[in-house]
4 protein chains.
Amino acid sequence: MASGKPSAAATPLRQPQQARSRKTREKIVQAAEDLFESKGYEATTTNSIARRARASVGTFYLYFPDKRAVLTEIFHKAVDQIFGRAMEGLKPEYWEKADLREGIGALIAGVLDSRDVRPGIQRILHERYFKDPAIKTAMDAMLQEGVQAILGLMDTLSDRLRVRDREAAAFVIYATVDALAARVMIAESPIDPKRLTTQLTDLISRYLFED
Amino acid sequence: MASGKPSAAATPLRQPQQARSRKTREKIVQAAEDLFESKGYEATTTNSIARRARASVGTFYLYFPDKRAVLTEIFHKAVDQIFGRAMEGLKPEYWEKADLREGIGALIAGVLDSRDVRPGIQRILHERYFKDPAIKTAMDAMLQEGVQAILGLMDTLSDRLRVRDREAAAFVIYATVDALAARVMIAESPIDPKRLTTQLTDLISRYLFED
Amino acid sequence: MASGKPSAAATPLRQPQQARSRKTREKIVQAAEDLFESKGYEATTTNSIARRARASVGTFYLYFPDKRAVLTEIFHKAVDQIFGRAMEGLKPEYWEKADLREGIGALIAGVLDSRDVRPGIQRILHERYFKDPAIKTAMDAMLQEGVQAILGLMDTLSDRLRVRDREAAAFVIYATVDALAARVMIAESPIDPKRLTTQLTDLISRYLFED
Amino acid sequence: MASGKPSAAATPLRQPQQARSRKTREKIVQAAEDLFESKGYEATTTNSIARRARASVGTFYLYFPDKRAVLTEIFHKAVDQIFGRAMEGLKPEYWEKADLREGIGALIAGVLDSRDVRPGIQRILHERYFKDPAIKTAMDAMLQEGVQAILGLMDTLSDRLRVRDREAAAFVIYATVDALAARVMIAESPIDPKRLTTQLTDLISRYLFED
DNA sequence: GATGAATGAGTCTTCATTCAT
DNA sequence: CATGAATGAAGACTCATTCAT
């Protein structure tokens, strides 16, 4: 870094070593991700992660202080992806048009969509929520951000809204959509996602707007 | 229970033993409940359960095949209690009156209320949902029953409803109320429960009924 | 204890179980003692202790919270034995006679003698002195007691003593005899113990008494 | 050192490399010394030594076959320093005068003084005495030398001495002073060093000389 | 000379479960 | 019915040492 970034082919010297190291690290993260996803967090041993990454336990502990640390890393990456996907539907472009239902549809679709991102990891986040403060904190932050985004949206639509207590409303909406999405992902819903989406759209649009 | 209570003086000799046995079993269940609630499932050892029940591990395994079994038992009892409380608000008496908001209020209150029942156990149900099929099955059944109850209610209110796809609607309502209740219990909601309840009532009544 | 001690043959009921347990515990302590003595503390693993005691690691941890705990126990037993032996020479009976050299001889002999008690353990005490606070504390206490004993003796001999600062003198004497004894035990002394004893006796008697 | 210092301008080209190499080696030794002193031998890892020396583990093993080797080197340096300091008090200049107590005072002061040199290292020597033969050998040699020095001194003072078995006496004196010094360093002595020194001087002078 | 990534045998420790009494 | 001592497989983590670059 101190030497600045020279023209492309100039500094291959040290790179290989660092590149190898980065690769190893990535192999470990990937292995952990696979195993956490398939066997769950607790059932995955550090030894098995190393083995799957074709490395040794020692190498694992070279890159991570302990098992939790890999999970935290994986989950940070995942949260960004998941949240990015979920926020997709809140982009103003969906809301500038006249059709409000379309906006709500996009909101719901986005959240539902985000549930397809690393479902195994989401499952683990779910079960470790109370046990791992780092996870709780980050998931709570996600909730906060989601609520803020909805509040922002409400400002845009201000004159058409019928709700008074917007803060509570935003929270209720986020929680509702999120919960339904969770049910769908978990596939515990015996009802077709499309029907659910329709009803959810009705639920929210009737709540927010005069018919 | 199935054998009925024999007339007072009939078989007094055998009774004590069975009674004592039942008592031991109950002490164990109680001890497990306390410990699961305070320390979580995995952090509770069979030895500690036995110790707290003032029994020996051997006795524990006399009544239960393994650790999971106590949890299953506890959770069956808990589900009944929790569910009973939640269903309270669906009793027809709240719905026969003219004021529909009152009924919805009762529904929400019931579910919220049910979250106060053995919160530690509910937390465990939450985290073991994917790991313990017995738990998944029973919680899913609870969902089903809830949905059915709401559907039944809808039949009663048939003419006043504006929703078409009642099955999906019932599911959406149950999931929504349940999710909000969960957020409240977990105390992860930065917003006052009362405000949430108000909004939730609005949400659902606008969804179900014409203004 | 509460029930008092009944006539010999009365309470054999529970005894067997407890006796077995005590035996196991003793086997473990003995095994640990042997291994610590032959291989040193750090080189001895909990597994090897269990194996030598013909028990399992689990059993080891049934009786001791960790490795240090066995060492502490062993060393408490040892300290009593060692110290008892060392204090032997301070008994008044050796000092009531006219010959003061005889008393000093007994003092030295006692300490030297005490070095034959569990030399391997003493070696460990020596090397763990700084690392294990429990050991430091107890050894320091031993020193204190030794010094006190010598001070007591000085009171007895009060009129014949030439030293003024008795407290410091007692400390110096204890430390000196102890150090010499250590050198002899460690067998690092190229000089015959008897010659050392003679010189040590001279050293101390000239220090304490007029010729 | 063996090759001598070449005349200034002779081989300046090669010198830097060797000088750098020597520097690296020294940095490693210094780092090890610091860490051993502050954390103890076992708690210091080869990696941490390298890190502190701003070198890599590989470099460490370039200069030393294993961890023990650095300790041996450090301790050789230390022994020279410590011993040099301790022997200070045996210089004839202190003994040529008439006042014998002054000589003995110097002897004691020297040894006490030497305990201030690298106390952390001395502590390690203490605990590794039995584990590391190299250490045992060298410390025993130190003892031998000390005893020899005292014997030499005795020859000088021959006519004033009252002791017969000089060899044993020298050993006893060395061990005594050394032990007291150790007690003082370890700060386990509840008594003021000055008082101890006075008594120690009395002890030895009464032993060696007629009053 | 120097690097530092990689290794893996070896430690301590836990806990559900069994079984002789 | 009840006991509780005993088990041992399994898991997280460490660190001296090697070796390809």
Side-chain angles (χ1 to χ4, degrees), chain A residues 13-14 16-25 28 42-51 53-68, chain B residues 17-18 20-21 24-25 42-51 54-68, chain C residues 13-14 16-25 28 42-51 53-68, chain D residues 17-18 20-21 24-25 42-51 54-68:
Chain A
L13 271 82
R14 240 9 177 311
Q17 286 200 19
Q18 294 190 12
R20 164 120 82 117
S21 171
R22 195 164 32 228
K23 231 174 203 164
T24 304
R25 199 194 149 92
I28 289 170
E42 319 232 17
T44 300
T45 72
T46 50
N47 269 288
S48 71
I49 294 173
R51 203 179 317 122
R54 295 180 176 280
S56 69
V57 225
T59 302
F60 176 93
Y61 284 95
L62 206 58
Y63 292 104
F64 300 94
D66 54 32
K67 209 171 116 183
R68 259 188 71 247
Chain B
Q17 286 208 12
Q18 291 190 15
R20 197 218 270 226
S21 164
T24 304
R25 196 192 153 92
E42 319 232 17
T44 299
T45 70
T46 49
N47 266 288
S48 71
I49 295 172
R51 205 178 318 124
R54 295 180 176 282
S56 68
V57 226
T59 305
F60 177 95
Y61 282 92
L62 219 53
Y63 290 106
F64 300 94
D66 54 33
K67 202 175 137 187
R68 259 187 70 247
Chain C
L13 271 82
R14 241 6 178 314
Q17 286 198 18
Q18 294 190 10
R20 166 124 75 123
S21 171
R22 196 167 29 228
K23 230 175 204 165
T24 305
R25 199 194 147 93
I28 288 169
E42 319 232 16
T44 300
T45 71
T46 49
N47 269 287
S48 70
I49 294 173
R51 204 178 318 124
R54 295 182 176 281
S56 69
V57 225
T59 303
F60 176 94
Y61 283 95
L62 206 60
Y63 292 104
F64 300 95
D66 54 31
K67 211 171 111 183
R68 258 188 72 248
Chain D
Q17 287 207 13
Q18 292 190 16
R20 199 218 269 227
S21 164
T24 305
R25 196 192 153 93
E42 319 233 16
T44 300
T45 70
T46 49
N47 266 288
S48 71
I49 295 172
R51 205 179 317 123
R54 296 179 176 281
S56 68
V57 226
T59 304
F60 177 95
Y61 281 92
L62 218 54
Y63 291 105
F64 300 95
D66 54 32
K67 202 175 137 185
R68 258 188 71 245

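Here the structure is a predicted model, which is why all the values come from computation and not from measurement. Residue numbering restarts at 1 for every chain, and letters A, B, ... go by the order of the sequence lines.
One can place CG of A:D66 at 21 Å from P of E:dC12, the figure rounded to the nearest angstrom. As a whole-Å value, the separation of B:N47 CG from F:dT3 P is 13 Å. Counting to the nearest Å, the P atom of E:dG4 and the CZ atom of A:R25 are 17 Å from each other. In this structure, B:R51 atom CZ and F:dT3 atom C1' are separated by 15 Å, rounded to whole Å. C:I28 places its CD1 atom 10 Å from the C1' atom of F:dA6, with the value rounded to the nearest Å. Between B:I49 atom CD1 and E:dC15 atom P the separation is 12 Å, expressed in whole Å. One interatomic measurement links the two molecules: CG of D:L62 to P of F:dT18, which rounds to 13 Å at whole-angstrom precision. Atom CZ of D:F64 is separated from atom P of F:dT18 by 16 Å (rounded to the nearest Å).
Using a 4.0 Å cut-off, some side-chain N or O of A:T46 falls inside it from OP1 or OP2 of F:dA12. Side-chain nitrogen and oxygen atoms of A:Y63 include at least one within less than 4.0 Å of the OP1 or OP2 phosphate oxygen of E:dA6. The side chain of A:S21 contributes no N or O atom lying less than 4.0 Å from OP1 or OP2 of E:dG4. Residue C:Y61 places none of its side-chain N or O atoms closer than 4.0 Å to OP1 or OP2 of F:dA6. Neither OP1 nor OP2 of E:dA6 sits under 4.0 Å from any side-chain N or O of A:T59. For the OP1/OP2 pair of E:dT3 and a distance below 4.0 Å, the side-chain nitrogens and oxygens of D:S56 include at least one atom meeting the criterion.
The two residues A:Y61 and A:D66 have their closest heavy-atom pair at CE2-CA, 4.0 Å. A:E42 and B:E42 make their closest contact through OE2-OE2, 3.4 Å (heavy atoms, listed as atom of the first residue, atom of the second, distance). Heavy-atom minimum distance, A:T45 versus A:S48: O-OG, 2.7 Å.
Counted by atom type alone, C:T59 and C:S56 present one or more donor-acceptor pairs between their side chains at under 3.5 Å.
Atom CZ of residue B:R51 and atom OG1 of residue B:T46 lie 9.5 Å apart, to the nearest 0.5 angstrom. Separation of atoms CZ (A:F60) and CD1 (A:I49) is listed at 4.5 Å; rounding is to 0.5 Å.
Each of D:F60 and C:G58 lies near DNA chain E, and the nucleotide nearest D:F60 is the one positioned closer to the 5' end. Heavy-atom distances to DNA chain F give each of D:V57 and B:V57 a nearest nucleotide, and the one nearer the 5′ end belongs to B:V57. Nearest-nucleotide positions on DNA chain E for C:K67 and D:T24 put D:T24 closer to the 5' end.
Nucleotide F:dA12 has E:dT11 as its partner under the Watson-Crick or G-U criteria, with both atom distances under 3.5 Å. Pair assignment for E:dA20: F:dT3, on the basis of Watson-Crick or G-U wobble contacts that are both within less than 3.5 Å.
Using a 4.0 Å heavy-atom criterion, one finds that C:S48 contacts no nucleic acid atom at all. Residue contacts shown for C:A55 are limited to sugar-phosphate atoms, with no base heavy atom under 4.0 Å away.
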